[in-house]
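Report on one structure; see the data block that follows.
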Amino acid sequence: HQYAHIVSHDLKSPLRSIDALLNWLKEDNIDKLDTASLQNISLIETTLEKMEQLISDVLNYSSVTTDSSKIIDVNTDTLVKDLIQILYVPEHIEIKIPNILPVVKGDKTKLQQVFQNLICNAIKFTEKEKGLIEIDFIDTSAFHQFSIKDNGIGIEEKFHERIFKIFHSLKKSKESSGIGLSIVKKIINLHEGDIWLESEPKIGTTFYFTLKKE
């Protein structure tokens, strides 16, 4: 983690220098640059943003470790409902929680990351006129098993394992570096659980994950 922190600082410094130099170049030559040149500068700026986000995400991934002092009783029902209040949920998407979610043992901040990432992904990949996301759970003897189901675009089976690998994203954009689900998997593994999905293209996706009971 310390190594990643140092490297991220050393990598971000030149990126910010390039960004500053690019802005000065643009300001000093604004009347001389044609449309194609301005578009190229804009592409460089977008690439710099993407690179900085990748560096931040690598640091976030490396910082996901266990700390027994942070393991507390977490009311996931309250956590998820509070989270939904602060997330941007488009009007055409409904989020349902049919049952009261359980109290679990875990790191509250990291569990919030798990739910936030999976809910945000469900929102992002729901492009139907009426979107529906359903968050539920079942209890087993050893685990709490959660599910987050959507009626979005779905994921082809060949990608089901690959999406949990670092830097693999199904949606290529500067906002999506492909580390989010890697962090989710790492957090769940640290809670001695597992994560998997069932999905069908154009029908929807259900992510399942377990958290071990104490």
Side-chain angles (χ1 to χ4, degrees), residues 57 60-61 63-155 160 163-164 169-171 175-200 203-214:
D57 287 344
N60 288 337
Y61 183 81
S63 67
V64 177
T65 55
T66 51
D67 183 349
S68 57
S69 67
K70 293 184 178 179
I71 302 300
I72 59 171
D73 285 333
V74 180
N75 186 323
T76 58
D77 194 74
T78 303
L79 184 149
V80 170
K81 286 173 181 172
D82 287 348
L83 192 56
I84 291 168
Q85 293 300 313
I86 61 172
L87 292 177
Y88 170 66
V89 182
E91 289 184 4
H92 71 285
I93 294 178
E94 181 184 5
I95 299 180
K96 287 185 176 180
I97 307 173
N99 296 296
I100 296 173
L101 301 177
V103 174
V104 303
K105 289 280 188 185
D107 182 318
K108 185 177 180 181
T109 302
K110 289 185 173 65
L111 291 178
Q112 181 171 314
Q113 276 185 279
V114 169
F115 281 104
Q116 182 170 336
N117 193 289
L118 293 175
I119 294 168
C120 285
N121 274 357
I123 293 169
K124 189 191 303 181
F125 292 105
T126 297
E127 298 175 350
K128 292 175 180 164
E129 269 187 44
K130 288 189 177 180
L132 177 62
I133 297 168
E134 192 169 292
I135 303 165
D136 207 351
F137 89 105
I138 59 171
D139 261 338
T140 70
S141 58
F143 294 93
H144 301 285
Q145 180 178 303
F146 293 87
S147 61
I148 297 178
K149 179 181 181 181
D150 66 60
N151 65 339
I153 62 174
I155 302 169
H160 286 193
I163 59 172
F164 294 111
S169 174
L170 297 181
K171 195 168 188 177
E175 292 86 11
S176 181
S177 63
I179 291 185
L181 284 174
S182 301
I183 290 175
V184 165
K185 183 175 177 62
K186 190 172 180 181
I187 291 170
I188 290 169
N189 288 345
L190 289 172
H191 285 78
E192 298 182 71
D194 197 10
I195 183 167
W196 69 97
L197 69 148
E198 293 175 358
S199 185
E200 192 175 338
I203 302 296
T205 301
T206 304
F207 277 91
Y208 298 93
F209 68 92
T210 58
L211 300 174
K212 188 179 179 182
K213 292 181 177 178
E214 292 297 319

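Computed over heavy atoms, backbone and side chain alike; hydrogens, waters and symmetry mates excluded. What you see is a predicted model, and the numbers here were worked out from it, not measured in a lab.
- Contacts of K128 classified as salt bridge (charged side-chain N to carboxylate O under 4.0 Å, His left out), with partners at least two apart in sequence or in another chain: none.
- With a 4.5 Å cut-off on side-chain heavy atoms, I72 and K105 do not count as touching.
- You'll find the side chain of D150 stays beyond 4.5 Å of the side chain of L132, heavy atoms only.
- A salt bridge does not link D136 to K149: none of the charged nitrogens lies less than 4.0 Å from a carboxylate oxygen.
- Distance alone, capped at 3.5 Å, places no donor-acceptor pair between the T76 side chain and the L79 backbone.
- You'll find the side chain of I119 reaches within 4.5 Å of the side chain of I95, heavy atoms only.
- A side-chain donor-acceptor contact under 3.5 Å links D77 to the backbone of L101.
- In this structure, the side chain of H191 engages the main chain of D107 through a donor-acceptor pair within 3.5 Å.
- Judged by the 6.0 Å and 45° rule, K185 forms a cation-pi pair with F164.
- Side-chain contact between I148 and I133 is present, with heavy atoms from C-beta onward closer than 4.5 Å.
- The ring-ring contact (aromatic ring centres under 6.0 Å, His included) search around F207 returns none, not counting sequence neighbours.
- Under the 6.0 Å cut-off for aromatic ring centres, F209 and F137 do not qualify, their centroids lying 6.0 Å or more apart.
- Checking side-chain atoms of T205 against main-chain N and O of S199 turns up no donor-acceptor pair under 3.5 Å.
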